[in-house]
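Report on the structure given below.
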Amino acid sequence: MAVNYVCRHCKTPMGSINNAQITEAQLGFHFLTPEERSDIIAYNPNGDVTVNVVCDYCREAIESNPELLLIANPLQ
């Protein structure tokens, strides 16, 4: 199983963990509510997991211009 971290706004790959032995508890997924899990984590048919996070560039852009959050895909 690979866990791939991708920016939810610009789709930049941010990192990957390739380890069949890693658990969701080790990744901290158990702290998420069901709503957060469905919003942040995507389970791919090949067994990989995609975790949607926000990169530093997009975080800074949104903090400086919060109106960007009103647009469906603000930083693509």
Side-chain angles (χ1 to χ4, degrees):
M1 168 178 90
V3 181
N4 302 304
Y5 291 84
V6 177
C7 178
R8 70 172 48 250
H9 299 294
C10 68
K11 308 301 182 215
T12 299
M14 296 181 58
S16 183
I17 299 172
N18 291 307
N19 184 339
Q21 305 303 320
I22 198 147
T23 66
E24 291 190 354
Q26 289 173 311
L27 295 169
F29 294 170
H30 63 290
F31 289 114
L32 301 172
T33 66
E35 294 81 19
E36 290 169 331
R37 286 178 73 92
S38 66
D39 185 45
I40 296 171
I41 303 169
Y43 296 92
N44 304 323
N46 64 356
D48 290 351
V49 177
T50 300
V51 182
N52 293 301
V53 293
V54 179
C55 69
D56 289 338
Y57 172 79
C58 291
R59 181 187 50 78
E60 289 174 12
I62 290 169
E63 284 177 358
S64 298
N65 304 287
E67 68 276 5
L68 289 173
L69 290 175
L70 300 174
I71 302 169
N73 293 312
L75 300 167
Q76 281 191 347

Please output the side-chain donor-acceptor pairs of residues 48-55 that fall under 3.5 Å, not counting sequence neighbours, one pair per line with the distance.
unit_1, atom_1, unit_2, atom_2, d
D48, OD1, A2, N, 3.2
D48, OD2, N46, ND2, 3.3
T50, OG1, N44, ND2, 3.1

Sidechain-backbone polar pair: S64 side chain, A61 backbone, donor-acceptor under 3.5 Å: no
Side chain proximity check, R8 to D39, heavy atoms < 4.5 angstrom: yes
CG-CG distance between L32 and L27, expressed to the nearest 0.5 angstrom: 10.5 Å
Partner residues of Y43 under the side chain to side chain donor-acceptor pair (under 3.5 Å) criterion, sequence neighbours left out: E24, R37
Donor-acceptor pair, side chain of N19 and main chain of Q21, under 3.5 angstrom: yes
Hphob cluster co-occupancy, V6 + I17, side-chain heavy atoms under 4.5 angstrom: no
